[in-house]
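Notes follow the structure.
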Amino acid sequence: MSNEILSTIKSPQDLKKLDEATLTKLCEEIRTQIIDIVSVNGGHLSPNLGVVELTVMLHYVFDCPSDSIVWDVGHQCYTHKMLTGRYDVINTIRAEDGISGFPKRNESEYDAFNAGHSSTSISAALGIAHAKQLKGDDSHTIAVIGDGSLTGGLAYEGLNNAGRFKKNFIVILNDNKMSISKNVGAMAKYLTSIRVKPTYLRIKNKVENGLTHIPLLGSPIKSLLRHSKSRVKHLVYKDTLFDQLGFRYYGPVDGHDLDALKNALLASKNTKGPVLLHVVTKKGKGYQYAESDSASFHGIGQFDIETGEPISSKKDFSTVFGEGLCRIAQTDDRICAVTAAMRTGTGLMDFSRIYKDRFFDVGIAEEHAVTFSCGLATKGMIPVFAVYSTFLQRGYDQLLHDAAMQKLHMVVAVDRAGIVGEDGETHQGVFDVSMLNSIPNTTIFSPCYFDEMKQSLNTAIYGCDSLVAVRYPRGGEIARPDDLQVSSMNYNIYGDRNANKLLITYGRLFANAVTAYEMLKDEEESICVLKLCKIKPIDKAAIEFAKDFEKIHFFEEGILAGGIGETFDYELTKIGYTGVYKVTAIEDRFIQHASVKSALEHNKLDAQSMYEIMKND
C-alpha cells in the first residue's frame, strides 16, 4: 500500500486540512500499516486497530502537544505515534534502537506520560492538569482509558479526585468490552447497562433545550435540576456513576464514526469542568482474525497476515503451567486459580473452562488478587495466582502485609520472569526476585525446564506452608544436556566437581552456563556449574559445596541489588569463605526494548560472555 495520505502527515496540524472522506481513507491506510508492522515486529495488534478513528479525531479536534493526551497502558499508541512525526520510523517499533511500543516522554513531546501498566492515566493526567492550572495554562488534558483498565483501583482514586477539578479535563472511556481477556465484574455490567440505553444523552439534552426555551422560568428550573440532589433530578437526568462523581457524562458514542466522534469531542472540548466521554469501539477492528479472537491478537509475535497464524507455535511455559495446574486440580478440590485479567496470557483457559467454580478473574487488580487469595487461604483453599512478573510489582504491599506476615499459604505463578524482550523497560521481569527476596516467610523456585516447573509447582502446593513463588520465563525451554542428573528440587551440580572455578546460576541461564561449560571443555578448561532451583531460602548444603572453590562467579538474570547473587555471597561470608566471589547481574538501571538474545548479550548473561568471564577469571 502506498500510504499516500499517511506519508504526508508530519504533525497533527496536517490532519486539520483534510476533509472527512480523506480522513476515512487515512484510517484505512493506518490500519493496513499497523497490521503489516505487527506481523513482522510483533506487538499489540487488537488494541491499536480499535482506536484508529478515535486517535485521528483526538488529534484533529485538539491542539497537541499544547493539549496533553495521556494514554492508559499505552499499548494502543501506534496510530498516535504515526500522526506525531514518527511515521518514517514506525517500522522500527519494538526493535532494538527503534521506537518503543509504548509512550515515551524522551521520544517525543507528544508523549505526555510514560506508560506500560494499567489504570495510571487519570491520576497522571490530573496531575498534569493541576500543574497547567498553577502556571496559568488553559489547554486541555485528556486521559484515554479502556474499560479493562477501569477495573483497576487506581483509576477510581483518580476519578474520585478529578471530579472536583474545574478546568479543561476530559476522560475518554474507550469501551471495547475487553482488557486482554473478557472483562469481568460489576463495572463491566454497569457499562453494558449504559451501552444498551443510548437514548440517555438525547433525552437529557432535549430536556435541557426544552427548558431553555421556556420564558423566564426555563433557565432557573434547568439550573435547579442540574444542581439538585433530589429524586426529581434523578428522574429527569438519570445520572450515571460518572455524573455522581462530578463529571459531565457524554455517550455512548460510536468510536468508529468519524463525524460522531468529532461532534462528541468538540462538545467535550467546549464544556468547562471534568467530562467523561464514553466511546464504544471494537478491539481488532478491520482485521478479521483479530476481530473474532481479540484476546489472542492482543499481544502477538510474528504472524502470517493471510492466515492469522503465528510464525512460531512452540510449547511455552505458560501452557505447561496451565496443564500442570489442571492435573493437580483434578484430584484436589482445594486448588483455586486466580488471575488479574490474564486468563489467556497465563495459560488458564482450560482451567477456567473445566473448573469454573474455582477460577477467579478479578480484573486488572493485582493488589486485590493477592489479598483475595489470602482470604481464600484462611478457609483452607490453596490459591494459585498466575501473574506476569512485571505486574506482580503492583501487589508488593499485599504480598508482604497480607500473605507473608500472616504466613498464609498461597502460590504465585510468576510468568514472564526475567528479560522479556521487545516490550521493553515497563515489562521486564527482572525485579520480582529482589522484591520477593526481601519478604520473610517466602519461598522462591526458579526452574529451567518444563518438568522442573511442574515439580516446583507441586512442591509449592504440597511442600510449603506460606507464601511461595514459582517463576519461569517467557517462551519455551532451551536445550538441555543429556547427562544432567536432577537429584533435588533445591540444587543440582553439573560438570567437574574437582575444578577450582564454580559458576552458579538459576532459571533459564543454566542452559547458557552449560554451553559455556562445553566451550571451555573443548579448550581443556575445567569448571563446575551449580544450578539452583529453590533460590529462597538457599539450601545450606549448596553453600557448603560452594565454599571449597577458589573462584566463584554468580550469573543472575535479575537486578543485582537484593538479588540471589548478593544473598549467596553473604551466606558464604558467614561460614568463612575466603576465595574470590563475583556477580554478573543487571546493574542499577532499566532494560530497554530489544530481543531477549540481544538483551542477554548486552548484560553479559549469554553463553559467550559466560565463557569469556570464566576463562579470564
Practice problem: Give the C-alpha distance, both sets of side-chain angles, the deciding distance and a yes or no for side-chain contact (heavy atoms from CB on, under 4.5 Å) between V144 and L58. | Solution: CA-CA 10 Å; V144 184; L58 273 170; 4.0 Å; yes

Practice problem: Start with the C-alpha gap between Y611 and Y517, add the side-chain angles, then the distance that decides, and say whether ring pair (Phe, Tyr, Trp, His ring centres under 6.0 Å) holds. | Solution: CA-CA 7 Å; Y611 156 76; Y517 164 81; over 10 Å; no

Practice problem: Check the pair D316 / T319 against side-chain hydrogen bond (donor to acceptor under 3.5 Å, both in side chains), numbers first and verdict last. | Solution: CA-CA 6 Å; D316 60 16; T319 303; 2.7 Å; yes

Exercise. Take Y449 and I478, measure what side-chain contact (heavy atoms from CB on, under 4.5 Å) needs, and give me the verdict at the end.
Key: CA-CA 8 Å; Y449 301 109; I478 312 174; 5.5 Å; no

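Between D423 and R94 there is a salt bridge, since a side-chain N of the basic residue sits under 4.0 Å from a carboxylate O of the acidic one. Salt bridge E107/R86: present, at least one basic N to carboxylate O contact under 4.0 Å. Ion pairing between a basic and an acidic side chain is recognised when a charged N comes within 4.0 Å of a carboxylate O; D617 and K582 show such pairing. Salt bridge status for K597 with D606: absent, with no side-chain N to carboxylate O gap under 4.0 Å. The pair R31-D36 does not meet the salt-bridge criterion, since no charged nitrogen lies less than 4.0 angstrom from a carboxylate oxygen. Using a cut-off of 4.0 Å between Lys/Arg side-chain N and Asp/Glu carboxylate O, K315 and E323 are scored as salt-bridged. Under 4.0 Å is where a charged nitrogen must lie from a carboxylate oxygen, and between K283 and D147 no such pair does.
Taking both residues in full, the closest heavy atoms of R471 and G429 are given as NH2-O, 3.6 Å, listed atom of the first, atom of the second, then distance. The two residues L532 and Y506 have their closest heavy-atom pair at O-CB, 3.3 Å. When all heavy atoms of N441 and S466 are compared, the pair lying nearest together is O-OG, 2.8 Å. Here the shortest heavy-atom pairing between V470 and A460 reads CG2-CB, 3.8 Å. Q76 approaches P47 most closely through the heavy-atom pair CB-O, 3.8 Å. Of all heavy-atom pairs between H553 and I613, the closest is CE1-CG2, 3.3 Å.
Side-chain atoms of Q398 never come within 3.5 Å of backbone atoms of E367 as a donor-acceptor pair (strictly under, hydrogens ignored). Of the possible donor and acceptor atoms, none in the side chain of N41 sits under 3.5 Å from a partner among the backbone N and O of A95. Remark: side-chain polar atoms of T55 are paired, donor with acceptor, to backbone N or O of V51 under 3.5 angstrom.
In this structure, CZ on R474 lies 9.5 Å from CG on D415, to the nearest 0.5 angstrom. Rounded to the nearest 0.5 Å, atoms NE2 (H602) and CD1 (I591) are 10.5 Å apart. In this structure, CD1 in I535 is found 4.5 Å from CD1 in I564, a value given to the nearest 0.5 Å. Rounding to the nearest 0.5 angstrom, the gap separating the CD atom in E452 from the CZ atom in F317 is 8.5 Å. Considering CG of D72 and CG of L154, their distance stands at 8.5 Å, rounded to 0.5 Å. Here D539 contributes atom CG and Y491 contributes atom OH; the two are 5.5 Å apart, rounded to the nearest 0.5 Å.
You'll find the side chain of K615 reaches within 4.5 Å of the side chain of L520, heavy atoms only. Taking the side chain as every heavy atom from C-beta outward, H298 and H44 approach each other to under 4.5 Å. Using a 4.5 Å cut-off on side-chain heavy atoms (C-beta onward), F445 and V468 make contact. Annotation: side chain of L348 is in contact with side chain of F321 (closest heavy-atom distance under 4.5 Å). Looking only at side-chain heavy atoms (C-beta outward), Y388 and T346 come within less than 4.5 Å of each other. The side-chain heavy atoms of R394 and V387, taken from C-beta on, include no pair separated by under 4.5 Å.
H427 has its ring centre less than 6.0 Å from the ring centre of F391. F568 has its ring centre no less than 6.0 Å from the ring centre of Y570. Separation of the H401 and Y396 ring centroids does not fall under the 6.0 Å cut-off.
Using modelled atom types and a 3.5 Å distance limit, the side chains of T339 and D361 yield no donor-acceptor pair. Neither side chain, S39 nor D304, offers a donor N or O lying under 3.5 Å from an acceptor on the other. Using modelled atom types, one finds a donor on one side chain and an acceptor on the other under 3.5 Å when comparing E96 with S598. Donor-acceptor pairing under 3.5 Å is lacking for the side chains of S434 and N437. Between the side chains of Q592 and E425, at least one donor N or O sits under 3.5 Å from an acceptor N or O. One side chain, S318 or R416, offers a donor N or O that lies under 3.5 Å from an acceptor on the other. A side-chain N or O of T390 and one of H117 form a donor-acceptor pair less than 3.5 Å apart.
The aromatic rings of F372 and H368 sit tilted, their planes meeting at an angle between 30° and 60°. Using bins of under 30°, 30° to 60° and over 60° for the plane-to-plane angle, the ring pair Y110/H80 lands in the perpendicular bin.
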